Amino acid sequence: MEVREGREGREEIRISGICKSFEGKQVLRDFSARLPLGKVSCLMAASGAGKTTLLRILMGLEQADQGQLHGLEGLKKSAVFQEDRLCEYLSPVGNIRLVSPKLRKEDVLSAMEAVGLRDCAAQPCSELSGGMRRRVALLRALLAEYDILFLDEPFKGLDAETKTLVIRDTRERCEGRTVLLVSHEPKEAEEMGAVQLIRL
């Protein structure tokens with residue numbers, strides 16, 4: 001059965017009976033959930049349980065073997081992957097504007113300053129630390145145009161003080177948006193204001 005997207009249920013996104021296997025190994029088995037629009041939901045599971053695969057299916061990057069999706073049709077999607085996926089030779093400003101060319105440089109610099117990235121705007125991303133790269137990747141997704149945001153362990157690699165700052169900024173920018181956060185830490189879900197924890 002192919003995954004089907006419909007316009008029904010616009011107060012929520014419905015995930016019904018999703019199954020996915022790779023080379024005979026089942027990664028997702030009959031997974032169902034409901035994601036309220038305009039709210040943050042958090043998906044939690046052990047490593048290797050299929051969280052990233054589920055996100056890729058919801059983003060349209062993978063095709064499920066079975067199941068149905070309702071409410072995703074026509075929604076603009078933005079995402080932070082586990083890998084930063086930055087263009088190494090571009091600056092943080094260049095990376096962020098690569099997917100959002102209409103953004104003014106001044107607005108990008110202001111957003112960077114809010115998460116402690118004021119002094120690296122002109123450096124190539126190849127020279128940035130892991131935590132700095134993570135913040136650039138997150139801002140690139142947050143400053144894009146989207147209806148639903150997928151965050152796959154977006155705060156990994158950040159020290160405690162920086163994480164607090166970045167989570168607060170992320171929550172403010174996501175206010176009133178639909179967000180699916182993947183995290184191993186219940187505290188991150190709480191600080192992001194998640195209305196539900198979904199166990200996979």
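Model, not experiment: these values are computed from the prediction.
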Hey, mind stepping through Phe155 and Arg135 against side-chain contact (heavy atoms from CB on, under 4.5 Å) and telling me if it holds?
CA-CA 8 Å; Phe155 312 119; Arg135 281 172 278 172; over 6 Å; no

Side chains of [X] and [Y]: donor-acceptor distance under 3.5 Å anywhere?
| X | Y | answer |
| --- | --- | --- |
| Ser16 | Gln68 | no |
| Asp159 | Thr162 | yes |
| Ser183 | Glu188 | yes |

From the options Val166, Leu165, Leu138, Thr164, select the one residue that forms a side chain to side chain contact (heavy atoms under 4.5 Å, CB included) with Leu158.
Val166

Heavy-atom donor-acceptor pair, [X] side chain to [Y] backbone, under 3.5 Å:
| X | Y | result |
| --- | --- | --- |
| Ser91 | Gly94 | yes |
| Asp169 | Val115 | no |
| Lys20 | Gln63 | yes |
| Gln196 | Arg34 | yes |
| Lys39 | Ala194 | no |
| Asp30 | Cys19 | no |

Hydrophobic clustering (ILVMFWY, side-chain heavy atoms < 4.5 Å, transitive) - are [Y] and [X] grouped together?
| X | Y | result |
| --- | --- | --- |
| Met44 | Leu55 | no |
| Met132 | Leu143 | yes |
| Leu35 | Ile57 | yes |
| Phe81 | Leu180 | yes |
| Ile148 | Val179 | no |

Do you know the tightest heavy-atom contact between [X] and [Y]?
| X | Y | answer |
| --- | --- | --- |
| Gly50 | Leu200 | C-CD2, 3.6 Å |
| Met112 | Pro92 | CE-CB, 3.6 Å |
| Lys51 | His184 | NZ-CE1, 3.6 Å |
| Thr178 | Pro36 | CG2-O, 3.9 Å |
| Leu149 | Ala79 | CD1-N, 4.1 Å |
| Arg140 | Leu86 | NH1-CD2, 3.6 Å |

Please walk me through it: do Arg85 and Glu83 pass salt bridge (Lys or Arg N to Asp or Glu O under 4.0 Å)?
CA-CA 6 Å; Arg85 302 191 181 189; Glu83 312 84 19; 3.2 Å; yes

side-chain hydrogen bond (donor to acceptor under 3.5 Å, both in side chains) between Thr52 and Gln82, intermediate numbers included
CA-CA 8 Å; Thr52 297; Gln82 287 191 26; 3.0 Å; yes

Return the [atom1] to [atom2] distance between [X] and [Y], rounded to the nearest 0.5 Å.
| X | Y | atom1 | atom2 | value |
| --- | --- | --- | --- | --- |
| Leu37 | Asp147 | CG | CG | 9.0 Å |
| Ile13 | Leu58 | CD1 | CG | 7.5 Å |
| Arg118 | Glu113 | CZ | CD | 5.0 Å |
| Tyr89 | Asn95 | OH | CG | 8.5 Å |
| Lys163 | Glu185 | NZ | CD | 4.0 Å |
| Arg97 | Asp107 | CZ | CG | 9.5 Å |

Any ion pair linking Arg133 and Glu88 (charged N to carboxylate O, less than 4.0 Å)?
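Salt bridge present between Glu88 and Arg133.
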
Here's one to test your reading of the geometry: is the NZ or CZ of Arg177 within 45 degrees of the ring axis of Tyr146 and under 6.0 Å from its centre?
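Yes, a cation-pi geometry holds between Arg177 and Tyr146.
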
May I ask you to test the Pro154-Leu181 pair for a side-chain heavy-atom distance under 4.5 Å?
yes

